[in-house]
J.: 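The structure's right below; bear with me while I get my questions together.
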Amino acid sequence: MTITPSHLGSTDTWTDARLLYALEEVVEKELNRHLGVAKDWMPHEYVPFSDARNFPGFFEDGEAWEKGQSPVTDIGRIALVVNLLTEDNLPSYHHEIASLFGRDGAWGTWVHRWTAEEGRHGIVMRDYLLASRAVDPDQLEQFRMAHMSEGFESDNRHSMLHSVAYVAFQELATRISHRNTGHQSGDPVCDRMLARIATDENLHMVFYRNLLRAAFDLAPDLTMCAVRDVVVGFRMPGHGIPGFERAAAQMAIGGVYNLRIHHDDVLQPVLRFLKIMEVPGLGPEGARAQEELGLFMGGLDAEAAKFDEKLAARRARIAARG
């Protein structure tokens, strides 16, 4: 049976519980599609274990970490640490989506499947970093302890619909960050590993993006407001990582993730897919949110243009000195 608003009574008072129930069939359909296209892979196959050697500590032959032991670039090293620490908070992410989406039915199956797939990312990245000696292992562990000890609370935990909207953009942002990190890493092994992770993140984005589109059919005003709120207030989940602001600035300059990338490669593709400026059936509140979203995107594009100019000028100065 296809669930439509007529089966659910008045749509004037959508709640999280009613939306979860109304979207259950869509979740099941998207879950089956995902399972049909997702391919299992083995994290250990992407790790250069032959390059590994003992670190100091319990092993007498332990060799201290030094920066020059790996071909990974400075910007690659910074981005790898941020990306891994973000993946490390998987227990908190699982808790949040399990609390919002539940552990039963198609929603629950998706929650556990997503968590299992995401778990591979932290495994393979940490194994790669330690085996290749790409980062200081002591500092990495200190950062992990500090970051996870703080816990994680999403800006959108108050609303299931806001959470779906957020992850539709965040999964794509994570894919782009991993992919660009690989390109900038200076190590083909790292690039290949992060490309594999990025493939997973893209499939996760498609799941949530399609779910968000279905939400527009059910509750266009609420969904438009949720998308506006998420886009305007968007923050990456790793914003609580020690030294995140400095690392984010370096990643922006290094071409891993910046305003132009965020606008062109993350926000625009999802909004274009949703045909966000053409959504029909909006009431006054939804129409206002749609207008505000359009204005924000125009302003963000202008900010990105200013960033592009500053970055080009910086590169020109460096080239002149070189």
Side-chain angles (χ1 to χ4, degrees), residues 46 67-68 70-88 121-122 124-125 128-129 132-136 139-140 143 168-202 204-205 231 234-272 296-322:
Y46 289 80
K67 191 175 181 181
S70 165
V72 170
T73 61
D74 288 342
I75 186 59
R77 185 175 294 107
I78 292 167
L80 280 163
V81 170
V82 169
N83 291 353
L84 175 56
L85 292 176
T86 301
E87 299 285 357
D88 275 336
H121 303 169
V124 71
M125 289 182 69
Y128 165 79
L129 291 178
S132 67
R133 292 181 168 246
V135 301
D136 182 342
Q139 187 180 65
L140 181 65
F143 282 165
F169 295 102
Q170 180 265 320
E171 292 282 5
L172 182 53
T174 304
R175 170 191 177 252
I176 295 296
S177 181
H178 282 311
R179 202 68 194 93
N180 288 343
T181 299
H183 292 329
Q184 301 290 346
S185 69
D187 182 6
V189 175
C190 180
D191 192 23
R192 185 166 58 247
M193 172 193 66
L194 291 176
R196 177 58 261 189
I197 293 175
T199 298
D200 280 0
E201 302 290 8
N202 196 63
H204 297 164
M205 179 276 293
V231 168
F234 185 88
R235 295 194 297 173
M236 290 293 275
H239 59 79
I241 292 171
F244 178 78
E245 290 78 11
R246 176 175 172 78
Q250 292 170 309
M251 290 166 66
I253 293 171
V256 174
Y257 200 95
N258 55 41
L259 279 179
R260 175 54 63 200
I261 293 169
H262 182 60
H263 177 277
D264 290 1
D265 300 337
V266 176
L267 298 182
Q268 284 284 34
V270 176
L271 295 176
R272 192 181 306 118
F296 175 82
M297 289 299 293
L300 185 64
D301 188 37
E303 288 184 40
K306 292 179 182 178
F307 173 83
D308 291 341
E309 292 175 3
K310 291 180 180 178
L311 186 59
R314 182 181 186 276
R315 289 172 175 167
R317 289 195 300 271
I318 293 173
R321 289 198 299 266

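The first residue of the sequence shown is numbered 1, and numbering continues consecutively from there.
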J.: Distance from Asp136 atom CG to Leu129 atom CG, nearest 0.5 Å?
T.: 11.5 Å
J.: Got a second to check how far Asn258's CG is from His263's NE2, nearest 0.5 Å?
T.: 12.5 Å
J.: How long is the straight-line distance from CD of Gln170 back to CE of Met236, given to the nearest 0.5 Å?
T.: 6.0 Å
J.: Quick one: CD1 on Ile253 to CD1 on Ile318, what's the gap to the nearest 0.5 Å?
T.: 8.0 Å
J.: Side-chain contact test, heavy atoms from C-beta onward, threshold under 4.5 Å: evaluate it for Lys306 versus Glu303 and give yes or no.
T.: no
J.: Mind telling me whether Tyr257 and His262 have parallel, tilted or perpendicular rings, with 30° and 60° as the class edges?
T.: tilted
J.: Using every non-hydrogen atom in the two residues, find where Met193 and Tyr46 come nearest and quote the distance to one decimal.
T.: CA-CD2, 3.9 Å
J.: Could you check whether any side-chain heavy atom of Ile241 comes within less than 4.5 Å of a side-chain heavy atom of Phe143, counting everything from C-beta outward?
T.: no
J.: Do you know which two heavy atoms are closest between Leu84 and Gly122, and how far apart they sit?
T.: CD1-O, 3.7 Å
J.: Please report the interatomic distance CD1(Ile197) to CE(Met125), rounded to the nearest 0.5 Å.
T.: 5.5 Å
J.: Could you check whether any side-chain heavy atom of His183 comes within less than 4.5 Å of a side-chain heavy atom of Asn180, counting everything from C-beta outward?
T.: yes
J.: Do side-chain atoms of Arg77 reach the backbone of Ala134 as a donor and acceptor pair under 3.5 angstrom?
T.: yes
J.: So, do His204 and Leu172 sit near enough that their side-chain heavy atoms are less than 4.5 Å apart?
T.: no
J.: Might you point out which heavy atoms bring Ile75 and Val256 nearest each other, and give the distance in Å?
T.: CG1-CG2, 4.0 Å
J.: Passes side chain to side chain donor-acceptor pair (under 3.5 Å), Asn83 versus Ser177? Steps please.
T.: CA-CA 8 Å; Asn83 291 353; Ser177 181; 3.1 Å; yes
J.: Nearest heavy-atom pair of Arg179 and Ala198: which atoms, and what distance?
T.: CD-CB, 4.0 Å
J.: Mind checking whether Met297 and Val231 have side chains closer than 4.5 Å, heavy atoms only?
T.: yes
J.: With a 4.5 Å cut-off on side-chain heavy atoms, are Leu194 and Ser185 touching?
T.: no
J.: Could you pull out the closest heavy-atom pair between Asp191 and Gly182, with the gap in Å?
T.: OD1-C, 3.2 Å
J.: How close do Gly238 and Phe244 get, heavy atom to heavy atom, and via which atoms?
T.: O-CD1, 3.1 Å
J.: For residues 245-257, pull every pair meeting salt bridge (Lys or Arg N to Asp or Glu O under 4.0 Å), keeping only residues two or more places apart or in separate chains.
T.: none
J.: When rounded to the nearest 0.5 angstrom, what is the spacing between NE2 in His178 and OG1 in Thr199?
T.: 11.5 Å
J.: Asp301 and Arg260: side-chain contact (heavy atoms from CB on, under 4.5 Å), yes or no, with the steps?
T.: CA-CA 7 Å; Asp301 188 37; Arg260 175 54 63 200; 2.8 Å; yes
J.: Quick one: does Val270's side chain get under 4.5 Å of Val266's, heavy atoms only?
T.: no
J.: Go through the steps to decide whether Leu80 and Cys190 satisfy the test side-chain contact (heavy atoms from CB on, under 4.5 Å), and finish with yes or no.
T.: CA-CA 9 Å; Leu80 280 163; Cys190 180; 3.9 Å; yes
J.: With the side chain counted from C-beta on, respond yes when Thr174 and Glu87 share a heavy-atom pair under 4.5 Å apart, and no when they do not.
T.: yes
